[in-house]
Number of protein chains: 4
Amino acid sequence: MDMPEEKSGGDTVTARPRRRQARGERRIAQLLEAAATVFCTTGYTAASTSSIAREAGVSPGTLYQFFPNKEAIAVELGDQLLKRWHATYGEALTPAHLELPLEDLLDAVLDPLIQFNFENPAFGVLMHGSDIPGHISLEHDALHSAALTRIEEILAGYLPDAPRADTARTARMVFTVFKGGLDLILAAEPAEREAYIAELKTVLRRYLDPLVGCL
Amino acid sequence: MDMPEEKSGGDTVTARPRRRQARGERRIAQLLEAAATVFCTTGYTAASTSSIAREAGVSPGTLYQFFPNKEAIAVELGDQLLKRWHATYGEALTPAHLELPLEDLLDAVLDPLIQFNFENPAFGVLMHGSDIPGHISLEHDALHSAALTRIEEILAGYLPDAPRADTARTARMVFTVFKGGLDLILAAEPAEREAYIAELKTVLRRYLDPLVGCL
Amino acid sequence: MDMPEEKSGGDTVTARPRRRQARGERRIAQLLEAAATVFCTTGYTAASTSSIAREAGVSPGTLYQFFPNKEAIAVELGDQLLKRWHATYGEALTPAHLELPLEDLLDAVLDPLIQFNFENPAFGVLMHGSDIPGHISLEHDALHSAALTRIEEILAGYLPDAPRADTARTARMVFTVFKGGLDLILAAEPAEREAYIAELKTVLRRYLDPLVGCL
Amino acid sequence: MDMPEEKSGGDTVTARPRRRQARGERRIAQLLEAAATVFCTTGYTAASTSSIAREAGVSPGTLYQFFPNKEAIAVELGDQLLKRWHATYGEALTPAHLELPLEDLLDAVLDPLIQFNFENPAFGVLMHGSDIPGHISLEHDALHSAALTRIEEILAGYLPDAPRADTARTARMVFTVFKGGLDLILAAEPAEREAYIAELKTVLRRYLDPLVGCL
DNA sequence: GATGAATGAGGATTCATTCAT
DNA sequence: TATGAATGAATCCTCATTCAT
């Protein structure tokens with residue numbers, strides 16, 4: 001009756017809409033960008049929350065107002081990159097592509113992916129996970145399994161009759177080869193870049209050609 | 001045989017320096033073994049010198065009597081593993097192998113390598129380097145370039161007329177694929193292991209077959 | 001009635017300031033209730049202003065609009081509890097009670113007090129002060145000295161001829177025993193509660209009986 | 001054979017005797033003393049490990065070489081004080097004391113205890129626990145239950161036929177009264193001290209007299 | 001050589017409090 | 001007013017490295 005502000009808006013019913021101010025959204029974007037930079041510079045393991053905050057030009061406390069810990073930053077960054085990927089290039093692969101010869105499919109899939117990784121190098125860092133062998137940490141799980149699932153889908157489209165286990169194994173191998181090749185491409189001197197891109201496509205084409213051929 | 005520098009400094013008596021040396025060698029071996037264990041468990045970045053010392057059953061001070069810092073431990077461990085590799089399987093690849101069909105060559109090269117990696121998982125950890133993208137740290141450089149050089153030699157044996165740059169690129173790609181595949185193999189459940197080994201060989205065979213064929 | 005200072009500042013219209021005041025009172029009550037809850041859950045020292053604000057469903061900024069710091073919250077909460085005590089049970093002790101035998105007086109004093117503490121557990125928390133020995137922090141001073149004064153008055157009623165210093169000492173001892181006993185009672189399992197209440201009364205009765213008897 | 005140092009001493013069998021150097025022992029004593037000081041000054045909750053280290057004149061790292069966290073310091077300090085108590089006054093209470101009249105027993109028990117608390121004020125701080133109501137933290141548990149058990153034993157000596165539950169309750173009440181009285185004594189001005197000591201004894205004597213009398 | 005002690009900077013995280021909107 | 005953002009000092013704790021014995 002005398003607290004009119006609590007009547008306004010239909011949000012009294014829901015539990016505290018936790019409405020975020022525009023400034024906050026900007027800070028989050030800033031922090032994620034800073035995190036991407038730091039992850040790329042020092043790697044995930046060695047990245048410190050302070051360095052991320054410093055890179056973002058804010059105090060440590062501010063970072064913790066938006067993220068509970070380092071892992072959450074990585075997770076959020078991964079999510080954001082995934083979204084950005086879908087928004088930018090995600091539609092590039094239509095069902096029609098699956099009708100193309102393998103060589104063209106690889107172009108259609110890899111070129112945007114490589115392009116995206118050049119524009120967002122943190123993507124690759126997060127895909128790799130930490131340096132503990134055989135251990136994909138939770139942080140990067142989403143990215144990792146999203147990629148894997150996508151590859152499996154494409155493969156299953158080509159090879160609907162292959163046993164699941166085989167497709168899964170092939171998908172893993174393809175993903176692994178891709179990650180490795182991507183590293184090579186990103187690390188290569190500009191003059192060598194195209195050659196490495198071609199080489200990665202060659203590996204994958206030769207690997208997959210017989211599979212697709214038996215279609 | 002390969003430690004002539006340790007003969008220098010002829011102390012007074014005969015037996016003493018030998019003894020001391022032997023103890024030192026033992027300590028170093030102890031420490032390197034501990035380092036291998038710790039690197040495999042926690043990864044290189046997260047490994048602490050104290051944990052290595054503890055694992056080796058010595059005090060931190062002792063560790064620093066033999067190694068100036070953490071990186072030196074990794075370097076030395078890499079060297080040792082390389083030596084061990086040469087001592088154990090190094091001779092397996094005779095010039096005669098180069099006459100074999102590719103499939104057999106891959107068996108001859110990869111099987112011992114995979115076997116060795118199962119026995120010395122630290123090998124793989126060191127080959128990978130830290131999680132900084134495009135950055136092979138000094139620690140693992142020796143391992144890395146030794147492997148690369150070896151692959152280049154083999155490739156050059158098969159393709160003596162190919163341009164250097166091409167061979168180098170192919171070698172890098174082969175090495176990268178191998179590292180990725182090895183991870184998959186080591187991480188796979190025992191039941192899946194053989195299948196992943198076969199898959200890795202398949203990738204490499206299909207990749208290299210056309211190159212070798214044009215011989 | 002007891003907030004005349006809030007009438008000052010006669011703004012333009014009539015209804016506005018009243019409204020604002022009422023809302024403020026509500027917020028303060030909200031915050032104090034939240035503070036009581038948090039103090040009881042985590043103790044005063046570990047209670048954070050943010051947690052109090054969160055518990056009250058407001059932002060930290062809002063809290064600081066009504067209280068300059070954490071201590072002020074405790075002080076205000078103490079005042080409020082004291083007022084509530086007076087309003088609820090304060091009149092229970094009429095001069096007539098002082099004519100009663102000690103046993104009945106103890107019942108008359110302790111039962112409502114214990115009851116009140118069950119209903120307002122923050123009362124006890126504030127009475128105790130922090131865990132710094134020999135140090136009743138300012139926050140809880142009001143509560144503390146109000147209680148002490150009250151006990152002294154009652155004792156003085158019984159023992160008008162006793163030296164001040166003695167009465168003061170006895171009052172302190174009574175208060176201390178009461179606080180300790182209250183803790184025991186509040187911490188006891190329900191089945192044991194009555195027994196602990198009886199025990200506390202026993203201690204005090206036996207302690208005070210000789211004093212009162214010499215009346 | 002060439003590591004003679006490992007043959008010396010029969011300690012090769014046991015798992016690393018973790019032999020502590022004299023300096024270390026001294027540091028531990030220093031740190032515990034510093035902790036006692038800080039606990040008494042600021043209370044347990046507000047005491048920080050850095051302040052303890054600073055008080056001891058060492059770096060934070062040094063503290064953590066001997067104690068894994070703040071709680072461990074409190075536990076160790078409690079143990080040490082308990083040992084010191086037993087070593088200094090522990091033998092004061094012989095079975096013969098139980099034959100004494102209550103008044104003398106109280107003198108025999110309380111005087112050394114009070115004396116010890118004057119000499120070791122941290123004892124009281126640890127006995128009290130944190131400021132969370134109804135919550136004796138693990139840190140002080142040992143001290144707390146040791147005291148309680150002792151009181152129960154004495155009471156059981158006097159009242160062998162009383163039900164366990166009653167003795168336990170009485171013991172708790174006695175302990176609580178003692179703790180409260182002790183605080184009063186320690187906080188009192190020197191001139192008042194003796195009077196408060198007498199007062200505490202009076203409370204306890206009057207409380208326990210009837211129990212003992214009914215023997 | 002070996003040990004355990006010592007260091008101090010750096011890391012993650014919290015929190016009382018202030019500020020801009 | 002109310003909000004959420006911002007701060008920065010302080011907390012606990014770790015670690016590579018050095019030192020005294």
Side-chain angles (χ1 to χ4, degrees), chain A residues 3-6 16-28 46-53 57-71 73, chain B residues 19-21 23-24 27 46-53 57-71 73, chain C residues 19-20 23-24 27 46-53 57-71 73, chain D residues 3-6 16-28 46-53 57-71:
Chain A
M3 35 169 87
E5 82 287 7
E6 302 199 332
R16 296 253 128 209
R18 180 112 357 241
R19 71 171 125 102
R20 197 152 253 157
Q21 294 178 348
R23 201 178 11 151
E25 297 289 353
R26 245 178 295 137
R27 269 292 120 90
I28 289 177
S48 75
T49 54
S50 332
S51 63
I52 295 172
V58 302
S59 68
T62 297
L63 184 152
Y64 279 92
Q65 203 131 45
F66 300 101
F67 302 100
N69 51 47
K70 193 168 73 162
E71 184 165 332
I73 302 176
Chain B
R19 260 253 205 83
R20 217 183 263 154
Q21 245 174 238
R23 198 165 67 186
R27 279 273 183 268
S48 76
T49 53
S50 317
S51 63
I52 295 173
V58 303
S59 68
T62 299
L63 184 153
Y64 278 90
Q65 220 129 31
F66 296 99
F67 302 99
N69 51 45
K70 194 166 80 162
E71 185 165 331
I73 302 175
Chain C
R19 259 250 205 82
R20 216 183 265 150
R23 199 165 68 188
R27 280 271 183 271
S48 76
T49 54
S50 320
S51 64
I52 295 173
V58 303
S59 68
T62 299
L63 184 152
Y64 278 88
Q65 221 128 31
F66 296 99
F67 302 99
N69 51 44
K70 193 165 81 162
E71 183 165 333
I73 303 175
Chain D
M3 33 171 89
E5 81 289 8
E6 302 197 334
R16 297 252 126 207
R18 182 114 352 245
R19 71 170 125 104
R20 197 151 254 156
Q21 292 177 349
R23 203 178 10 151
E25 297 288 354
R26 247 178 293 137
R27 270 290 120 92
I28 289 177
S48 74
T49 54
S50 331
S51 63
I52 296 173
V58 302
S59 69
T62 298
L63 184 152
Y64 281 93
Q65 204 132 44
F66 299 102
F67 302 99
N69 51 45
K70 193 168 75 161
E71 183 164 332

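Letters A, B, ... are given to chains in the order of the sequence lines, protein chains preceding strands, and every chain is numbered from 1.
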Rounding to 0.5 Å, atoms NZ (D/Lys70) and OG1 (D/Thr49) come to a distance of 8.0 Å
Report the nucleotide, chosen from E/dA12, F/dA5, E/dA5, that has the shortest atom-to-atom distance to any side-chain atom of A/Arg23. F/dA5
Is there a side-chain contact between A/Ser50 and the phosphate of E/dA12, meaning an N or O under 4.0 Å from OP1 or OP2? yes
Kindly point out which of F/dT17, E/dT17, E/dG8 is positioned nearest to the side chain of D/Pro60? E/dG8
Nearest-Å distance for atom pair CZ/P, residues B/Phe66 and F/dT17: 17 Å
Taking the side chain as everything from C-beta on, heavy atoms only, tell me whether A/Phe67 gets closer than 4.5 Å to A/Ile28. yes
Report the residue (C/Pro68 or A/Pro68) whose heavy-atom-nearest nucleotide on DNA chain E is the more 5′ of the two. A/Pro68
With rounding to the nearest 0.5 angstrom, report the CZ to CD distance, D/Arg27 to D/Gln65. 11.0 Å
Rounded distance in Å - CD (A/Glu25) to P (E/dA20): 21 Å
Does a nitrogen or oxygen in the side chain of A/Tyr64 sit under 4.0 Å from OP1 or OP2 of E/dT13? yes
Paired with E/dA20: which nucleotide, if any, by Watson-Crick or G-U wobble criteria at under 3.5 Å for both distances? F/dT3
Pair assignment for F/dC13, Watson-Crick or G-U wobble, requiring both distances under 3.5 Å: E/dG10
Selected nucleotide, minimal atom distance to B/Arg27 side chain, candidates F/dA6, F/dA16, E/dA2: E/dA2
Please figure out whether D/Leu63 or A/Ala46 has its closest DNA chain E nucleotide nearer the 5' end. D/Leu63
Hey, does C/Phe67 reach any base, or is it just sugar-phosphate, or nothing, if we go heavy atoms under 4.0 Å? nothing
From F/dC12, E/dG8, E/dA6, pick the nucleotide closest to the side chain of D/Thr62? E/dA6
Any side-chain N or O of A/Ser59 below 4.0 angstrom from OP1/OP2 of F/dA6? no
Looking at C/Thr49, does any N or O in its side chain come under 4.0 Å of the phosphate oxygens OP1/OP2 on E/dC15? no
If I take atom CD in residue B/Gln65 and atom P in nucleotide E/dG4, what distance separates them, rounded to the nearest angstrom? 13 Å
Position toward the 5' end of DNA chain F (nearest nucleotide), B/Asn69 or C/Gly61: C/Gly61
First locate atom CD1 of B/Ile52, then atom CG of B/Leu63, and finally report the distance between them rounded to the nearest 0.5 Å. 6.5 Å
d(CD1, D/Ile52; C1', F/dC13) in whole Å: 14 Å
Under 4.0 Å, heavy atoms only, any strand: does B/Ala53 hit a base, just the sugar-phosphate, or nothing? nothing
Of the nucleotides E/dA16, F/dC12, E/dA5, which one has an atom closest to the side chain of C/Lys70? E/dA16
Give a yes/no answer on whether the side chain of B/Ser48 brings an N or O atom under 4.0 Å of OP1 or OP2 in F/dT14. no
